Amino acid sequence: MASTIRVRATATGDTTEVQALIQHPMDSGFVKDAQGQIIPPHFIQQLTFECNGKAVFVADWGTAVSKDPYVKFSFKGGNKGDDLKISWIDNKGASDTTTAKIS
Amino acid sequence: MKMTMRLTGSNRPIARLVLATTLLTTMLQITRASSAQAAASVDEFKAAYAVAEAANTQAGALRNQWTATASTLADAKKAADAGNFDAAVALSKEAEALAKASIFQGTSEKQAWKAQEIR
Amino acid sequence: MTTTDDEFSGYSASRRLILKGVGLVALTGLGILPFGPMPALAAANDKWPEDAFKQKGQAEAIKSLYGKTAEPSDQVKLDAPEIAENGAVVPISVTTTLTDVTSISFLVADNPNALAASYQILPGTLPSVANRLKMAKTSNVTAIVEAGGKLYSATKEVKVTVGGCGG
Amino acid sequence: MKVRSAISLASVALALAALTLAAAPPASAANAIDPAADARAFQKFFTTKFPKLKLEDFVNGPYSLNEDMHRQWVEKEEFPPYEFSLDMGKEMFAQPFKNGKSYADCFANGGIGIRQNYPYFDDKEGKVVTLELALNRCRQANGEAPFSYVKDEMAALTGYMAFTSRGKPFDIKIPNDPRALEAFETGKQYFYTRRGQLNFSCASCHVQNPGERIRAEILAPALGILNAMPIYRSEWGGMGTISRRFITCNVQTRGVPLDPQSDEYRDLEYYLSYVSNGLPISGPGARP
């Protein structure tokens with residue numbers, strides 16, 4: 001199975017710009033399905049970015065983050081070729097991790 | 001009336017079209033509605049329903065059925081199942097009116113579409 | 001992930017064709033462990049702020065999250081569309097000239113729960129975040145920037161004509 | 001329907017008059033089928049209506065017509081929501097069937113970079129063949145069950161194939177075969193025919209009112225509308241094929257949609273693709 005995480009990380013000078021897209025339903029718990037049953041909330045709670053083992057950015061998310069969530073940020077100190085590790089965990093305990101190289 | 005589409009002012013040509021069809025449909029319903037009186041029977045319902053269904057089939061042959069026709073037919077059946085034949089007959093006639101309007105549209109558009117063409 | 005540099009350069013090339021000027025970047029994926037045992041979240045030294053996300057109102061959510069109130073600041077630049085094309089996906093970003101920023105949060109006042117997202121800005125990370133949020137209806141969107149232990153905010157109304165409750 | 005008694009006969013007469021008036025065909029209707037002339041007139045109509053846009057801008061639909069939306073789109077395209085579907089399509093395309101053959105065996109050039117040639121007129125069948133249809137026929141010829149025309153797998157496959165054709169101009173051919181010309185004409189008729197309880201044709205929205213809002217949505221111009229297919233629609237919260245788009249349009253006018261890939265839909269796709277000849281493929285796309 002393909003990863004649920006897509007990342008692009010680019011270093012320009014001493015700044016690395018990171019964009020990530022994650023495949024996740026982000027069900028809010030306010031929506032009913034075709035049978036009129038409430039779809040229980042199912043959403044990513046925490047998303048973490050680590051560069052060379054050091055945390056650079058942590059996202060705490062609620063149900064109002066869009067389906068297949070997207071986030072963009074930048075940090076200083078990353079270099080081309082460095083490892084960027086991305087992990088998420090959702091409210092049901094599911095998780096995924098990937099490591100990308102900064103380009 | 002089931003017209004819930006909201007239109008902004010800039011869509012007046014569309015709004016006019018909607019109005020025109022709505023009125024047309026309504027007119028067909030007026031003529032039909034007035035003939036349903038007194039307590040209706042199962043047979044009356046069956047007859048009215050068959051007529052409506054036949055009209056809808058004819059619209060289908062023109063590839064031009066309306067969603068409201070199908071849902072009104074379904075409502076008619078539901079009313080009949082509940083023993084409410086007055087409502088069932090009225091709904092059947094409404095469905096027939098809708099089907100007839102869609103036939104009218106489908107027939108007139110066989111030529112009328114050319115007026116919209118970009119040339 | 002089975003991607004190679006090759007196809008990703010193909011990606012950016014073709015996309016540039018369509019989207020002039022939006023430069024895109026290649027990445028190389030390494031190994032992944034889909035749904036494996038959760039590795040220790042080294043950075044997650046703070047727990048997910050459950051109480052703040054549970055609050056209905058904006059003021060309550062901010063109070064729960066930070067224990068203080070925010071003051072508007074023109075040093076907080078909130079970027080959001082005037083009219084969201086669809087409430088399910090509203091691109092919202094914030095950037096600030098404030099220094100010593102430790103966190104950035106987004107709140108949608110009229111959502112069932114006001115707090116949408118909260119980001120920890122760790123040392124070395126720039127105080128600028130873009131994300132996509134759901135909006136149930138037209139509402140004020142507020143960005144909170146925590147800088148030097150104080151809270152600063154910017155607010156903008158986003159009109160929503162197609163609600164984002166459908167997913 | 002409770003207001004029926006409130007409608008006066010006079011307004012009914014007016015309504016009928018409006019319909020009849022609109023129905024009057026122009027006097028100069030030439031009857032020869034001339035697709036090339038139709039395409040020229042079609043493209044000229046849109047470039048005249050939106051003089052600031054270049055021809056290739058039209059493939060970006062409503063995003064070309066509204067600045068605020070264009071900005072949201074550029075932002076979205078930085079990491080587009082169809083990305084996962086595209087990856088899935090690529091994976092599926094490479095996956096061999098149980099018999100060892102694959103999609104590549106069914107298409108010219110192994111299926112890569114050929115999206116712009118679909119739909120085409122198949123002279124053996126005497127009908128239009130769309131890419132969606134060709135994909136399912138490929139599956140069936142190799143002993144696989146066909147996919148739903150409106151669901152994720154079909155969108156993923158066509159999305160990937162469109163992606164390999166990005167930037168290539170639509171190159172739809174209409175052979176000098178009366179059946180092909182007839183298919184083009186039928187497609188054109190379907191496009192301009194008002195249907196459904198709302199009495200809308202495809203053209204009512206996508207020719208006469210592109211750039212305007214209907215409910216919350218900004219209507220896309222018909223020119224280039226298929227170049228971006230399949231699309232991820234925020235409204236759908238997922239991907240949709242050309243079949244899905246046609247069905248949705250019918251339903252929105254309160255008409256009962258046809259079956260996916262019925263003859264009229266195939267002809268409609270043929271017509272709409274042909275009049276967008278020369279505009280680049282941009283699919284998969286993202287739309288509100």
Side-chain angles (χ1 to χ4, degrees), chain B residues 1-34 56 59-60 62-72 90-91 94 97-98 101-102 104-106 108-119, chain D residues 1-7 9 11-20 22-26 28-30 37-38 41-42 44-46 188-201 203-205 207-209 212-216 250-258 262 264 275:
Chain B
M1 197 101 83
K2 292 173 183 166
M3 203 64 56
T4 51
M5 193 152 204
R6 272 172 283 137
L7 291 151
T8 60
S10 51
N11 271 308
R12 264 181 236 115
I14 291 183
R16 268 204 300 273
L17 281 177
V18 174
L19 189 66
T21 342
T22 311
L23 293 178
L24 177 66
T25 319
T26 313
M27 178 200 70
L28 288 163
Q29 280 157 357
I30 295 166
T31 54
R32 287 283 146 197
S34 53
N56 197 34
L62 288 164
R63 311 293 265 167
N64 194 36
Q65 286 176 331
W66 290 0
T67 48
T69 314
S71 60
T72 310
L91 285 163
E94 188 173 319
L98 286 163
S102 71
F104 176 85
Q105 180 192 46
S108 68
E109 281 294 310
K110 278 190 170 170
Q111 287 304 316
W113 69 270
K114 289 179 183 154
Q116 284 200 65
E117 189 189 347
I118 298 173
R119 285 169 189 280
Chain D
M1 296 270 174
K2 286 180 187 113
V3 296
R4 51 175 74 119
S5 57
I7 310 288
L9 271 176
S11 52
V12 171
L14 260 175
L16 272 177
L19 278 174
T20 330
S28 67
D38 282 355
F42 198 83
K44 183 161 174 275
F45 173 87
F46 284 99
K188 180 166 82 179
Q189 178 171 353
Y190 196 90
F191 181 75
Y192 287 109
T193 296
R194 280 188 283 229
R195 61 188 76 247
Q197 197 176 6
L198 298 188
N199 201 34
F200 281 15
S201 69
S204 305
C205 287
V207 170
Q208 290 153 15
N209 290 284
E212 304 289 347
R213 280 181 187 274
I214 186 159
R215 291 189 282 190
N250 278 162
V251 171
Q252 281 170 335
T253 69
R254 309 254 173 99
V256 175
L258 308 177
S262 54
E264 288 91 339
V275 295

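Since we're looking at a predicted model, the values are computed, not measured. Computation of the quantities below employed the complete heavy-atom set of this structure, encompassing side-chain atoms and omitting hydrogens, waters and symmetry-equivalent molecules. Here is how names work: the chains are called A, B, and so on, in the same order as the sequence lines, proteins then strands, and each is numbered from 1.
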Rounded to the nearest 0.5 angstrom, the CD-CD distance for Gln197(D) and Gln65(B) is 13.5 Å

Interatomic distance, Thr69(B) atom OG1 to Arg254(D) atom CZ [nearest 0.5 angstrom]
12.0 Å

Mind checking the NZ-CD1 spacing from Lys188(D) to Ile118(B)? Nearest 0.5 Å is all I need.
10.5 Å

Thr193(D) backbone acceptor or donor facing Glu109(B) side chain under 3.5 Å
no

Could you tell me the separation between the CD atom of Glu117(B) and the CZ atom of Phe42(D), rounded to the nearest 0.5 Å?
10.0 Å

Measure the NZ-CZ distance between Lys44(D) and Arg119(B) for me, rounded to the nearest 0.5 Å.
14.5 Å

My understanding is that only residues two or more places apart in sequence, or in another chain, count here; which of them pass side-chain hydrogen bond (donor to acceptor under 3.5 Å, both in side chains) with Asn56(B)?
none

Residue selection (most heavy-atom pairs with chain B, distance under 4.5 Å) from Ala203(D), Ser201(D), Ala37(D)
Ser201(D)

Once rounded to the nearest 0.5 Å, what's the spacing between atom CZ of Arg195(D) and atom CZ of Arg63(B)?
9.5 Å

